[in-house]
Student: 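I am attaching a structure below and will ask some questions about it afterwards.
Note that ligands are numbered from 1 as they come in the structure, with each ligand's atoms numbered from 1 the same way.
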Amino acid sequence: MNASATKLEGSIALVTGANRGLGKALVTALLQAGAGKVYAAARDEKQIEATSSRVVPLRLDVTKPEQIAAAASRAADVTLLINNAGTLSSFNVLTARQADIEADFRVQVHGTLNVIKAFVPVLERAEGGATIVNVLSLASLASVPGMGGYSASKAAAYSITQALRPELKKKGIEMLAALPGPIDTDMVKDLELPKNSAADTARQLVAGIARGDEEIFPDPMAQQMGALWRHDPKAFERAFASF
Ligand SMILES: NC(=O)c1ccc[n+]([C@@H]2O[C@H](COP(=O)([O-])OP(=O)(O)OC[C@H]3O[C@@H](n4cnc5c(N)ncnc54)[C@H](OP(=O)(O)O)[C@@H]3O)[C@@H](O)[C@H]2O)c1
């Protein structure tokens, strides 16, 4: 299913969790795609490398309401919001500590939603429309039991993405979901898995934004598993249950 295409040339983007991993690669990919300005948001904005005069470091912990409000007021010209910040704190749901499951939900679900709520008034003012992308995971579509708490938080974030899509469409804002497979970043550094590079995932993710894919599958594994999910969701669930 396709949303309207997003014009990246001259766009003004904001990426959360932009100091490392996929978020840092997304900043580079957006600049390469012609973004006019990229707010690179991070809990510690001093970690943002000034690679271009088009990069604006911004302090933003997505669990801190006062920082979210300050970011929406400072970055009042944003046309493309990418909710990339994420944590992997909770694993097996039977044995995970409640505090760790709550930590994943605090960032992935409440943090993402609160950032969106703060930026809707900014985005609906954008001439020619605006776009929000939630960086989710293939684990949004079926649980990886060894990461059951994380998967549940990503599934909840996908549900919120779907809930927001028609609401935001009325305001001229497209709502996209990015659903990557494993990426070679700190988050999964201890897991023995085939991983795609952050740079390639970011490039493919940005290409999906430009096309207006409602579900963006930004790497080869995601494309393969996304096709299985569309064709046979139970087979997809069984494949993930065996990871
Ligand atoms: N790596 C994978 O295999 C994979 C697969 C599918 C989806 N994803 C998703 O891709 C996104 C990026 O992950 P990654 O692989 O790049 O992980 P990463 O290398 O661990 O980076 C996570 C980023 O999120 C930031 N972050 C964490 N909590 C935050 C908070 N409360 N407020 C603001 N920023 C916060 C981190 O900032 P600090 O440096 O301050 O901690 C860091 O910049 C996440 O949403 C993740 O769930 C990753």
Side-chain angles (χ1 to χ4, degrees), residues 14-29 39-49 57-68 70-71 81-91 100 102-116 118 132-144 146-147 149-158 160-161 176-202 204-206 208 215-223 225-226 240 243:
L14 187 153
V15 181
T16 65
N19 53 311
R20 60 190 172 100
L22 179 63
K24 185 176 179 185
L26 281 168
V27 172
T28 303
Y39 291 100
R43 289 198 278 201
D44 176 5
E45 76 281 14
K46 290 188 288 302
Q47 290 183 15
I48 300 295
E49 286 171 30
L58 190 67
R59 184 173 187 220
L60 179 56
D61 182 328
V62 303
T63 66
K64 302 236 162 91
E66 67 288 356
Q67 290 190 16
I68 295 175
L81 168 65
I82 304 185
N83 289 302
N84 163 78
T87 56
L88 169 55
S89 304
S90 57
F91 295 87
D100 291 334
E102 285 174 1
D104 281 344
F105 273 75
R106 205 175 300 124
V107 176
Q108 266 91 263
V109 182
H110 303 288
T112 297
L113 180 58
N114 289 335
V115 171
I116 290 173
I132 300 174
V133 185
N134 288 341
V135 178
L136 306 175
S137 164
L138 284 176
S140 299
L141 305 176
S143 185
V144 179
M147 298 181 187
Y150 171 83
S151 298
S153 70
K154 288 292 190 183
Y158 186 44
I160 283 172
T161 305
L176 311 181
L179 302 144
I183 312 163
D184 192 6
T185 66
D186 294 344
M187 183 173 278
V188 291
K189 65 178 185 312
D190 297 330
L191 302 180
E192 291 291 327
L193 285 168
K195 299 167 195 167
N196 202 40
S197 73
D200 184 64
T201 302
Q204 294 203 47
L205 202 159
V206 166
E215 273 80 29
I216 301 169
F217 293 101
D219 58 84
M221 179 184 169
Q223 279 137 27
M225 292 305 289
F240 266 34
F243 272 131

Student: Under 3.5 Å, is there a donor-acceptor pair between the Asn134 and Thr112 side chains?
Tutor: no
Student: Ignoring hydrogens and geometry, is there a side-chain-to-backbone donor-acceptor pair from Glu45 to Pro57 under 3.5 Å?
Tutor: no
Student: Only counting residues at least two apart or in another chain, list the ones meeting side chain to side chain contact (heavy atoms under 4.5 Å, CB included) with Asp200.
Tutor: Asn196, Ser197, Arg203, Gln204
Student: For the side chain of Asp219 and the backbone of Met221, is there at least one donor-acceptor N/O pair under 3.5 Å apart?
Tutor: yes
Student: Write out the protein residues near ligand 1, meaning a non-hydrogen atom under 4.0 Å from one of its atoms, in order of chain and number.
Tutor: Gly17, Asn19, Arg20, Gly21, Leu22, Arg43, Leu60, Asp61, Val62, Thr63, Asn84, Ala85, Gly86, Thr87, Val107, Val135, Leu136, Ser137, Tyr150, Lys154, Pro180, Gly181, Pro182, Ile183, Thr185, Asp186, Met187, Val188
Student: With sequence neighbours left out, write down each residue that passes ring-ring contact (aromatic ring centres under 6.0 Å, His included) with Phe240, or none if nothing qualifies.
Tutor: Phe236, Phe243
Student: Let me have the donor-acceptor pairs involving side chains of residues 19-27, under 3.5 Å, with sequence neighbours excluded, atom names and distances please.
Tutor:
unit_1	atom_1	unit_2	atom_2	d
Asn19	ND2	Gln47	OE1	2.7
Arg20	NH1	Asp186	OD2	2.9
Lys24	NZ	Glu49	OE2	2.9

